[in-house]
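Notes for the one structure printed next.
These numbers were taken from a predicted model, which means no experiment stands behind them. The residues of the chain are indexed from 1 along the displayed sequence. All ligand and atom numbering here is 1-based and tracks the order in the structure.
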Amino acid sequence: MEEILESIKNIAVEIKSAIEKEELGYANSSNSSGEEQLKLDVRSDKIIEKELSKLKNIKAIISEEKESQLKLNENGEYIICYDPLDGSSLVDANLAVGSIFGVYKNTPKGENIIASSYIIYGPRVEIVFTTQTTTPVLYRLQNNQFIRVKELTLNSKGKLNSPGGTQKDWKSHHKELIEELFREGYRLRYSGGMVPDLHHILIKGGGLFSYPATIKNPKGKLRQLFEIIPFALIFERANGKAIDESCNRLLNLTPTHIHDRSSCFFGSEYEIEKVKEFYENRK
Ligand code: AHM
Ligand code: MG
């Protein structure tokens with residue numbers, strides 16, 4: 001695991017530099033979900049592929065920006081699924097973006113994730129890394145090296161409400177859930193980047209991030225292997241909870257295709273109980 005963390009540190013430095021120096025704009029290609037790729041998506045994907053290819057322990061990598069898996073070492077132990085630059089369309093607005101990694105043993109699915117990590121490129125560059133048995137640790141880039149800052153744990157109740165998706169497409173019970181949290185005094189904190197929005201909740205000690213199934217996107221928007229399952233491990237290891245609209249643990253998700261999506265709710269204990277109140281027996 002140390003090796004993978006070291007590799008993620010190198011990736012963070014290289015992608016940060018690409019974000020600062022490289023030209024924005026489209027790459028004239030689209031990914032397998034049919035979304036137009038930005039030059040920075042392609043560049044970040046190449047940086048991660050190059051760094052992870054150096055590790056003998058990696059059997060294959062699966063990227064949000066690639067159609068299928070890329071085999072690396074026949075005898076490797078791990079499969080790493082990653083989103084190279086999540087929220088890349090926010091770079092032109094100079095908002096924070098991130099990279100997300102899930103380390104899987106055998107078939108990539110919720111119960112096989114053994115470690116996960118994300119990098120946040122904001123005013124500062126930081127990494128959060130966790131394994132199946134440890135508490136997530138925050139590292140910060142200072143003077144060209146990453147220093148360990150602290151462990152991240154959530155309180156049983158938070159104050160932030162981070163509701164994703166287009167509001168006009170929300171189902172009525174979802175709208176009621178979000179309104180109930182505001183009535184209880186929760187504050188709106190939504191940047192449109194999954195990494196900074198979830199990081200915000202982790203740093204402030206609690207709250208709810210939701211990206212529901214909507215009328216337009218009946219399976220939600222966010223991808224199971226690259227985005228949802230890695231964050232589910234981080235939230236559970238930080239004493240939080242992570243469930244889908246059927247109120248099942250996101251760590252029980254088994255995708256049938258590598259680019260499968262799911263509804264998702266990440267939060268501390270109190271907010272996830274609220275989700276259950278509004279979602280149980282209603283879809
Ligand atoms: P991307 O992987 O194409 O960048 O999309 C994922 C992003 C997430 O970071 C964020 O939570 C979500 O899309 C925001 O979607 P919306 O604008 O519909 O709220
Ligand atoms: Mg993404």
Which of the numbered atoms in ligand 1 are under 4.0 angstrom from any heavy atom belonging to [X]?
{"X": "Gly87", "result": "4 (O)"}
{"X": "Gly165", "result": "19 (O)"}
{"X": "Asp83", "result": "2 (O)"}
{"X": "Arg223", "result": "2 (O)"}
{"X": "Glu227", "result": "2 (O), 6 (C)"}

For [Y], is there an ion pair with [X] - N to carboxylate O distance below 4.0 angstrom?
{"X": "Arg261", "Y": "Glu227", "value": "no"}
{"X": "Glu77", "Y": "Lys105", "value": "yes"}
{"X": "Asp45", "Y": "Lys66", "value": "yes"}
{"X": "Lys109", "Y": "Glu111", "value": "yes"}
{"X": "Glu184", "Y": "Lys274", "value": "yes"}

### Message
Below 4.0 Å, non-hydrogen atoms only: which portion of Asp197 touches ligand 1? Side chain, backbone, both or neither.
### Response
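For Asp197, no heavy atom sits under 4.0 Å from ligand 1.
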### Proximity of Phe209 to ligand 1 by residue part, where a heavy atom lies under 4.0 Å
side chain
### Message
Is there a polar contact between ligand 1 and Gly193, counting only N or O atoms under 3.5 Å apart?
### Response
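Gly193 vs ligand 1: no N/O contact under 3.5 Å.
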### Query
Should Gly164 be counted as touching ligand 1, given the test is an N or O pair under 3.5 Å?
no
Close aromatic pair by centroid cut-off 6.0 Å: [X] and [Y]:
{"X": "Tyr118", "Y": "His199", "answer": "yes"}
{"X": "His200", "Y": "Phe209", "answer": "no"}
{"X": "Tyr279", "Y": "Phe265", "answer": "yes"}

### Query
Do any heavy atoms of Leu222 fall under 4.0 Å from ligand 1?
yes
### Message
Does the residue Tyr190 have a heavy-atom contact with ligand 1, meaning some pair of atoms that are separated by less than 4.0 Å?
### Response
yes
### Query
Nearest to atom 8 (C) of ligand 1 by heavy atom, Glu64, Met194, Glu65: which?
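Residue with the shortest heavy-atom distance to the ligand atom: Met194.
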### Task
Determine, considering heavy atoms only, which of Val97, Asp86, Leu85 sits nearest to atom 9 (O) of ligand 1.
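The residue whose heavy atom sits nearest atom 9 (O) of ligand 1 is Asp86.
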### Task
Given salt bridge (Lys or Arg N to Asp or Glu O under 4.0 Å), test Glu3 with Lys56 step by step and report yes or no.
CA-CA 10 Å; Glu3 243 190 3; Lys56 292 281 162 285; over 6 Å; no
